[in-house]
Asker: 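First the structure, which I've put down as structure tokens, then a few questions once you've had a look.
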Amino acid sequence: MKFPEDLLYSESHEWLKDEGSQATIGLTDYAQSQLKDIVYVDLPEIGTEFKKGESMGVVESVKTVADVFSPITGKVVETNHTLKDSPQFINEDPYGKGWIIKMGIKDKGELKELLSSRAYQDFVSKEEE
Amino acid sequence: MNRRDTGLIQDEPLIFEQGGEGRKGYSLPRWDVAESEAKNLISPHLLREDLEGFPQLSEIDVVRHFTRLSQWNYGVDSGFYPLGSCTMKYNPKVNEEIARMSGFASLHPYTPEDLAQGALRLMYELGAFLAEITGMDGVSLQPAAGAHGELTGIRMVKACLQARGDGRKKVLVPDTAHGTNCSTSTIASYQMVEIKSNEDGVISPEKVAEQMDEEVAAIMVTNPNTLGLFEEHLAEIAEIVHRKGGFVYCDGANLNALMGIVKLGDLGVDVVHINLHKTFSTPHGGGGPGAGPVAVKKELAPYLPVPVIEKEGGVYQVNYDRPYSIGKMRAFYGNFGVILKAYAYILSMGPEGLRWASEMAVLNANYLMKRLKDHYHLPYDRPCMHECVFTDRFQEKYHVSTLDIAKRLIDYGYHPPTIYFPLVVKAALMMEPTETESKESLDGFIETMIAIAKEAEENPDLLRQAPQKVKVRRLDEVLAARKPKLRWAGDK
Amino acid sequence: MGNFARYIPHTPEDIRRMLETIGVQRVEDLFETIPMKYRPSKSLNLPEPLGEPDLLRHLQELQSPLYTSFLGGGAYHHFIPAVVPSLISRSEFYTAYTPYQPEISQGTLQSIFEYQTLMCQLTGMEVSNGSLYDGASSLAEAVLMAFRITKRKKVLLSQAIHPEYRKVIETYIDPAQQEIILIPYGKGDGRTDEKVLSDRLDETVSAVVIQNPNFFGVIENLQGIGAKTHQVGGMMIAGFSEAIAYGILAPPGKFEADIVAGEGQSLGIPLSLGGPYLGIFSTRNKHVRTMPGRLVGETVDLEGKRGFVLTLATREQHIRREKATSNICTNEGLCALMATIYLSCLGREGLREVAMMNLSKAEYAKKAVSKVKGCRQTFSGSTFNEFVMEIDGDPEKVLWEMKKEKIIGGLPLAKFYPELNRHLLVTVTEMNSKEEIDRWAEVLEKCLERA
């Protein structure tokens, strides 16, 4: 299971890459391993604003649906359209080709509330018990 | 191209891939009037050119096709069907004969009342039987299925509260609830609040009291619940809910455990839906039709859907004059063809027979539970009602899952039980034998399950590769969801 | 042990051995968790059980006599080929459950896939579900789906839609949040008033709903309505209650309908006092994930062999729970199978021919009744197999007289449309012979003279 060190994580299993005024967001390797084969991704409209913790869209596997919660407050600037034809990118490469949303960061302070790679790993091992 | 005769080898093409130009499989009454010229009567742009892609088959083509398809299926008449909360009991054949009687099958819904007295009497009496069995006051036979009945019931609760000027926004739903309870609440514009069951697998009054306030319109319980356990605190819970002006909705899917044993109305239930295609032996049809009548206490009776069947001076009437009714949930009166069968069943069983059915259903489930508990993990080791729930925890160490166990049962010729429901139990195997299974039938299933448990330990690949003895194996559901192909496309 | 024991196999010996295994003394002990105070002291107040022969006798007496009927209005007397009841009586079809285990349900799954295809072809749409409860609730679900997609709150309903269907739509919506506007029908042609419709169409409208043929049997002109509705960002929903009409009428898909929702009872399903029937529901591929109801999809197995499975189940209640597109679980599976078998028998030529026979017989009836004094056809719009006529007399009284001759002459409309208080809806199908129609016109004339 991968937990890249240069990313931040949420307890609802999203990862965030801080790119200055913008962030790229996706689902973690742990999340995709739980969901199994992803069949469909429902992406939000560009320009939509989300508060931290709000559901931005859903990711579906055959037998489950999972919300993608926004780890920060901000506005959607780009979504990964390749996921329409290839939702399996989230399974194959969750931190690379499987990125889901790019958002403008409204309040950089919120990033402090997210987990580091180590903290997220601990969180996941507790969940597994 | 010559097509091999596919017979029993289960390789049947679609109807669109068979037959051909000029094949005819029908006959009509004779043309005793002149054939109109459609173009002269209707604007040509409103007429269709052709029924493109429609099959052209002879009668024998149709009969062979569907006969073969039926042979790939498994019904209650084929064997044991232990699906939890589905009550796959034997469907009496005389009931099928009755539904086909022309004086019922050919009856138009707008037939004048005086010509339909027998049918109206039948519906009126079934309503009375269902009210008696559940301990309620009024019944509507209108809903077409259980979930339809649920929506009807919750809508009546809503209407009653609104009539009081009481606009409540929440509904309490236990974590063991069937998915329909949740979706029903949302469709009725209520916010769902989950109540967690306790370690005994039932809802505790304390938890309900915590969540019950004047914003809660109702609690939706299932009794017995989906763990097969009797909700022993229901009467107390009902009091808590009633005290704050709320209603108790009961999902009656598991009524098969309670007939003649206890009346839901006596436990404080205000509204309950009944699944005729479960408890009352009407066939499941491969996904319907069913019927989900709803029974209510008199407080909710004014809100029943229209029309209501009434009896006045020995004459049965269809009454639409119900000013507080929520309206209509479907056209006409209900799934009469299903209602007929349930009526016939109740008349065949009588009061002692129905009670006997519940007693034997509970006996069968407890027998199953006792004999399997040493081989499969039982999360709630307590007496069950008509169904019991196991998990795959004992088999986990062999890397064998509930899914594998279910698929291996198919190799032994059984339809698997319900899997991965209820959600409160991880990897659940929910089994409901029903009362129509004999001891030998149960013993056969039990011995098979024990054999599979042994295979899990000694030769787990047999399970992981299962089913092996069927014509199609481990169908790719991921592909079906990623690239949906939902119709034949050969005509495009 | 009563006659009912034929359904419950347990012998006293079986019971004794099972109780022993479980470890209790009596069956009664299994109900310990139920407090005694709730156990009733008396048995259920139900009639004593009947064995099969007595049951059959009792039910036979409750049957209705069969009269010559000219009733329609959402339920139609059509010929059901013997093949249909014969095949659906195969217990592997009718005693099976929902096909959740695809390996042992390929029969049901393949037939639903065939049904979905036939419904697409019939309605001219891209995707169909595996059935809903009936035409009325199907139309109501279409309205709810349009609200979900457009996020708007208003729907325009034609007043010429079946009154019971409209009542169901009213019941299904949330009046606190959603609004229905009724669009009147033209008193002359009996069609939805397009001018009023255009006037009421704006960006607050979620959907326009039109039934074709409508409740009066009149054929609506859907051309242009689709385009106008789309211009304001709304959805066009086309309903129907007489599926046989689509043997000759252009399907709603041709007129840019977004959702088609109607009744399939005409396709091989018995009248059965109003149910079980068949809710048909079809739409465009782009809306498939918001569609209610079960869906069967084609796939392959481990060895690349074609097979069928339930798919896109994440829309449904057992997975999506409170966010599901509908709460439907049990639908009308066996009725969908009846329609599939019916259409397989009739096929391309047969459906067209039976539709032409309906049209022709109705035309013959119109001609027959045009010669009867004291009645006249009400609407000028072209019709399929039903039409409205006005009579010089009290419809209830006239029908009562006709009933004495064992004819149910039509459906009085006053209770549905108070302004049509002297009007009858007359339906003629392939099952009404020329003699029956002639006699109907004759008896009608006699009864009108008397009244």
Side-chain angles (χ1 to χ4, degrees), chain B residues 25-26 32-33 36 42 48 51 53-54 56 62 66 69-70 72-77 103 105 107-109 118 144-145 147 179-180 182-184 186 230 283-290 327-328 330-332 335-337 349-351 353 367 370 438-439 470 472-473 475-476 480 485 487-488, chain C residues 4 9 14 18 22 33 43-44 46 49 62-63 71 87 90-92 94-96 98 103-104 106-108 117 133 136-137 164 167-168 171 250 270 272-276 297-299 301-302 307 311 317-318 321-322 324 327 329-334 344-348 350 360 364 382 434:
Chain B
Y26 68 98
D32 53 10
V33 300
S36 302
I42 303 169
R48 80 188 302 157
L51 282 155
F54 253 56
Q56 293 182 89
V62 175
F66 289 99
L69 289 187
S70 77
W72 306 358
N73 261 13
Y74 183 103
V76 172
D77 283 8
L107 203 47
H108 191 287
T180 52
C182 310
S183 51
T184 297
T186 311
F230 187 80
H284 276 74
K328 284 188 82 55
R330 42 89 56 79
F332 313 121
N335 277 356
F336 180 74
M349 300 294 278
Y367 180 70
K370 190 65 196 279
S438 66
K439 182 173 174 297
V470 289
V472 286
R473 301 177 54 206
L475 289 151
D476 192 344
K485 275 173 87 175
R487 55 155 293 173
W488 172 74
Chain C
F4 54 75
D14 291 333
M18 290 169 81
I22 296 167
T33 42
S43 19
L44 291 169
L46 297 171
L62 295 178
Q63 289 186 89
L71 287 175
L87 288 169
R90 293 186 68 87
S91 64
E92 299 93 326
Y94 82 86
T95 69
T98 306
E103 297 90 342
I104 46 181
Q106 286 298 295
T108 299
T117 306
Y133 305 131
S137 55
E164 297 207 27
K167 189 127 187 124
V168 172
T171 308
S272 209
L273 202 69
E298 187 184 313
T299 186
D301 79 339
L302 277 184
T311 191
Q317 46 73 27
H318 58 289
R321 293 173 74 87
E322 69 274 15
N327 72 344
C329 190
T330 296
N331 47 348
E332 300 289 318
L334 201 69
S344 300
C345 288
L346 264 77
R348 202 146 145 183
S360 309
Y364 180 79
S382 50
K434 176 175 174 298

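Proteins come first, then strands; the chains are lettered A, B, ... in the order of their sequence lines, and each starts at number 1.
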Asker: Select one option (side chain, backbone, both, neither) describing which atoms of C/Ile104 are under 4.5 Å from chain B's heavy atoms.
Answerer: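 Both parts, backbone and side chain.
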Asker: Could you tell me which non-hydrogen atom of C/Glu164 sits nearest to which non-hydrogen atom of B/Phe332, and how far apart they are?
Answerer: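 Nearest heavy atoms, C/Glu164 then B/Phe332: OE1-N, 2.7 Å.
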Asker: Select, from C/Ser43, C/Ser137, C/Cys345, the one with the greatest count of heavy-atom pairs under 4.5 Å involving chain B.
Answerer: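 With the most close heavy-atom pairs to chain B, the winner is C/Cys345.
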Asker: Among B/His108, B/Met349, B/Lys439, B/Gln56, who wins on heavy-atom pairs under 4.5 Å with chain C?
Answerer: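 Looking at each of B/His108, B/Met349, B/Lys439, B/Gln56 in turn, B/His108 comes out on top.
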Asker: Within the structure provided, determine whether C/Glu332 and B/Pro289 are in side-chain contact (heavy-atom separation under 4.5 Å).
Answerer: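 Result yes, sub-4.5 Å side-chain heavy-atom pair found.
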Asker: Using a 3.5 Å distance criterion without hydrogens, assess whether the side chain of B/Asp476 forms a donor-acceptor pair with backbone atoms of C/Thr299.
Answerer: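 Absent.
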Asker: Looking only at heavy atoms and a cut-off of under 4.5 Å, which of C/Ala136, C/Gly307, C/Gly347, C/Ala250 has the most pairs with chain B?
Answerer: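 Winner by heavy-atom pair count: C/Ala250.
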Asker: Working to the nearest 0.5 Å, report the span between CD1 of C/Ile22 and NZ of B/Lys370.
Answerer: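 Going from CD1 on C/Ile22 over to NZ on B/Lys370, the span is 8.0 Å.
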Asker: Give me the atom names and distance for the closest heavy-atom approach of B/Pro351 to C/Leu44.
Answerer: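 Result for this residue pair: CB-O, 3.2 Å.
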Asker: Measuring heavy-atom distances to chain C, does B/Val470 have an atom under 4.5 Å in its side chain, in its backbone, in both, or in neither?
Answerer: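 Contact with chain C is through the side chain of B/Val470 alone.
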Asker: Could you state the interatomic distance from OG (C/Ser344) to CZ (B/Phe54), rounded to the nearest 0.5 Å?
Answerer: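 Answer for the OG-CZ pair, C/Ser344 versus B/Phe54, is 9.0 Å.
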Asker: Under a 4.5 Å heavy-atom cutoff, which of B/Gly337, B/Gly350, B/Ala331, B/Ala144 has the most pairs with chain C?
Answerer: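 When all of B/Gly337, B/Gly350, B/Ala331, B/Ala144 are compared, B/Ala331 has the most.
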Asker: Top residue by heavy-atom pair count (under 4.5 Å) with chain B, among C/Thr311, C/Thr330, C/Leu273?
Answerer: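 With the most close heavy-atom pairs to chain B, the winner is C/Leu273.
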Asker: When heavy-atom pairs shorter than 4.5 Å are enumerated against chain C, which of B/Gly287, B/Gly75, B/Gly25 gives the highest number?
Answerer: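 Looking at each of B/Gly287, B/Gly75, B/Gly25 in turn, B/Gly287 comes out on top.
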Asker: Could you tell me which of C/Leu346, C/Thr33, C/Leu71, C/Asp14 has the largest number of non-hydrogen atom pairs under 4.5 Å with chain B?
Answerer: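 Top count of heavy-atom pairs under 4.5 Å with chain B: C/Leu71.
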Asker: So which of B/Gly286, B/Gly290, B/Gly327, B/Ser438 has the largest heavy-atom pair count under 4.5 angstrom toward chain C?
Answerer: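 The residue among B/Gly286, B/Gly290, B/Gly327, B/Ser438 with the greatest pair count is B/Gly286.
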Asker: Run the side-chain contact (heavy atoms from CB on, under 4.5 Å) test on C/Tyr133 and B/Arg330 for me, step by step, so that the C-alpha distance in whole Å, both residues' side-chain angles and the decisive distance to 0.1 Å come before the verdict.
Answerer: CA-CA 8 Å; C/Tyr133 305 131; B/Arg330 42 89 56 79; 5.6 Å; no
Asker: Which heavy-atom pair separates B/Asn73 from C/Ala96 by the least distance, and what is that distance?
Answerer: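 The pair with the smallest heavy-atom distance is ND2-CB, 4.3 Å.
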Asker: Pick whichever of B/Trp488, B/Tyr74, B/Phe66 has the most heavy-atom pairs under 4.5 Å with chain C.
Answerer: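 Option with the greatest count: B/Phe66.
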Asker: Just verifying a value: how many Å separate B/Leu69 CG and C/Glu92 CD, rounded to the nearest 0.5 Å?
Answerer: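 Separation between the atoms: 11.0 Å.
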Asker: Using a 4.5 angstrom heavy-atom cutoff, name the option from C/Arg348, C/Arg90, C/Lys434 with the most pairs to chain B.
Answerer: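 The answer is C/Arg348.
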Asker: Give a yes or no on whether C/Lys167 atom NZ has more than 12 heavy-atom contacts from other residues, nucleotides or ligands under 6.0 Å away.
Answerer: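 Not buried by this count: 12 neighbours or fewer within 6.0 Å.
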Asker: So does B/Pro283 get a backbone contact from the side chain of C/Thr95, meaning a donor-acceptor N/O pair under 3.5 Å?
Answerer: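 Looks like no, no N/O pair under 3.5 Å.
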Asker: Would B/Thr184 and C/Asn327 count as having a side-chain donor-acceptor pair, cut-off 3.5 Å?
Answerer: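 There is such a pair between these side chains.
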Asker: Hey, which of B/Ala105, B/Gly353, B/Ser70, B/Gly118 has the most heavy atom pairs under 4.5 Å with chain C?
Answerer: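 Heavy-atom pair counts peak at B/Ser70.
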Asker: Heavy-atom cut-off 4.5 Å, strictly under: side chain, backbone, both or neither for B/Lys328 against chain C?
Answerer: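 Both the backbone and the side chain of B/Lys328 come within 4.5 Å of chain C.
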Asker: Could you check B/Leu475 against C/Gln106 for side-chain contact (heavy atoms from CB on, under 4.5 Å), going step by step and ending with a plain yes or no?
Answerer: CA-CA 11 Å; B/Leu475 289 151; C/Gln106 286 298 295; 3.5 Å; yes
Asker: Quick one: which of C/Pro9, C/Pro276, C/Gly333, C/Pro270 has the most heavy-atom pairs under 4.5 Å with chain B, could you say?
Answerer: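 So the answer, after comparing C/Pro9, C/Pro276, C/Gly333, C/Pro270, is C/Pro276.
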